[in-house]
There are 2 protein chains.
Amino acid sequence: MTGTVKLSDQQYAIMQVLWDNGSASAKQVQIELADEGWAHTTIGTVLSRLEKKDILASETVGRERKYRPLIQEGDVKRSMVSNLVSALFKGDSKQLLAHLLKEGEIDKNDLKDIGDLLDKDK
Amino acid sequence: MTGTVKLSDQQYAIMQVLWDNGSASAKQVQIELADEGWAHTTIGTVLSRLEKKDILASETVGRERKYRPLIQEGDVKRSMVSNLVSALFKGDSKQLLAHLLKEGEIDKNDLKDIGDLLDKDK
DNA sequence: TGACATCTACTACATATGTAGTAGAGTTAT
DNA sequence: ATAACTCTACTACATATGTAGTAGATGTCA
């Protein structure tokens, strides 16, 4: 069981860098997330905390300390989306879909496109 | 601007009772959320905090203190879904839709049903 | 090798949240 | 009226998070 993982936006953004790269140094994270304007020490703190919670592991490779995710992005997504659906849509994903349509986040064509993709992949 | 509202699961559950009823007393909330097993004082604390943040208002009506939401459920949903899509799906709602399909949360028939509904409503 | 640059670990502090006890005001039943 | 009950306000405390400074370890360049 992967259990329920829930990350803050900040934590997710940082994990995203690790996922995208397989693993990364604090420096790399800092560079890729430069837009956010977080102090490098802030990134370091968040990384340590995630390590303490076994969400990632770190090891020194040569002179670099590499941070490596211990959980899969897909698992976290599943867990977080599922959590949102439970909390906001009474556990009914179709209501989320309906919401997306109603808010114009997606439209009928998107539905159709994805339906077509499914047919093809099958 | 409604700004960005983000509620914890617990806060959302409590607001949900207010939204469903227009407004409600702490007692009512407590009863409707009995399953959660929260102490009534816990509900009270959460209600006060939400009031302090102008997410709800309270007024004494007769001998009852009624709590009334100051923000709409739709706005909170929009805001929270949008936040999730930004954080997890690079802001692309279609990716969320794809995720739901991939995880089997919804299937092709759901897509079709909703598409039909849209046609009808139009 | 000594001054400087890097990087991580540790410390610090404010806010948010989960959780609930206690006190005090008001209500009610006998 | 007085004891019992109800309800909210206040207090309390632990954990999580956002944010970042400082110190100490290590690496690098002149």
Nearest-0.5 Å distance, CD1 of residue B/Ile106 to CG of residue A/Leu96: 8.0 Å
Contact list for residues 36-55 of chain A, test side chain to side chain donor-acceptor pair (under 3.5 Å), sequence neighbours left out: A/Glu51-A/Ser58
Over 12 foreign heavy atoms within 6.0 Å of CD, B/Glu103: yes
Donor-acceptor under 3.5 Å (A/Asp75 side chain, A/Arg78 main chain): no
Comparing A/Arg49 and B/Gln10 on DNA chain C - which has the more 5′ nearest nucleotide: A/Arg49
Sugar-phosphate only, base, or nothing, as touched by B/Gln11 at under 4.0 Å among non-hydrogen atoms: sugar-phosphate
Nucleic acid contacts of residues 22-45 of chain B, taken as heavy-atom distances under 4.0 Å to DNA chain C: B/Trp38, B/Ala39, B/Thr41, B/Thr42, B/Thr45
Those residues of residues 50-59 of chain B lying under 4.0 Å from DNA chain C by at least one heavy atom: B/Lys53
Set of residues satisfying side-chain hydrogen bond (donor to acceptor under 3.5 Å, both in side chains) with respect to B/Lys108, sequence neighbours excluded: A/Asp119
Heavy-atom donor-acceptor pair, A/Asp92 side chain to A/Phe89 backbone, under 3.5 Å: no
Approximate separation, where rounding is to 0.5 Å, of A/Leu101 CG and A/Asp107 CG: 8.0 Å
Nearest-0.5 Å distance that lies between atom CG in A/Leu100 and atom CG in A/Leu111: 10.0 Å
Heavy-atom donor-acceptor pair, A/Asp9 side chain to A/Tyr12 backbone, under 3.5 Å: no
Terminal contacting nucleotides, 5' and 3', DNA chain D versus chain B (heavy atom, 4.0 Å): D/dC7 to D/dA12
Main-chain N/O of B/Val5 paired with B/Ser79 side-chain donor or acceptor, under 3.5 Å: yes
Heavy-atom check, side chain of B/Glu32 versus side chain of B/Asn21, under 4.5 Å: yes
Pairwise side-chain contact, A/Asn83 with A/Lys6, heavy-atom cut-off 4.5 Å (strictly under): yes
Interatomic spacing from CD1 in B/Ile71 to CE in B/Met15 - rounded to 0.5 Å: 4.5 Å
Axis-to-axis angle between the two ends of the helix from C/dT1-D/dA30 to C/dT30-D/dA1 (five base pairs per end, rounded to 10 degrees): 10°
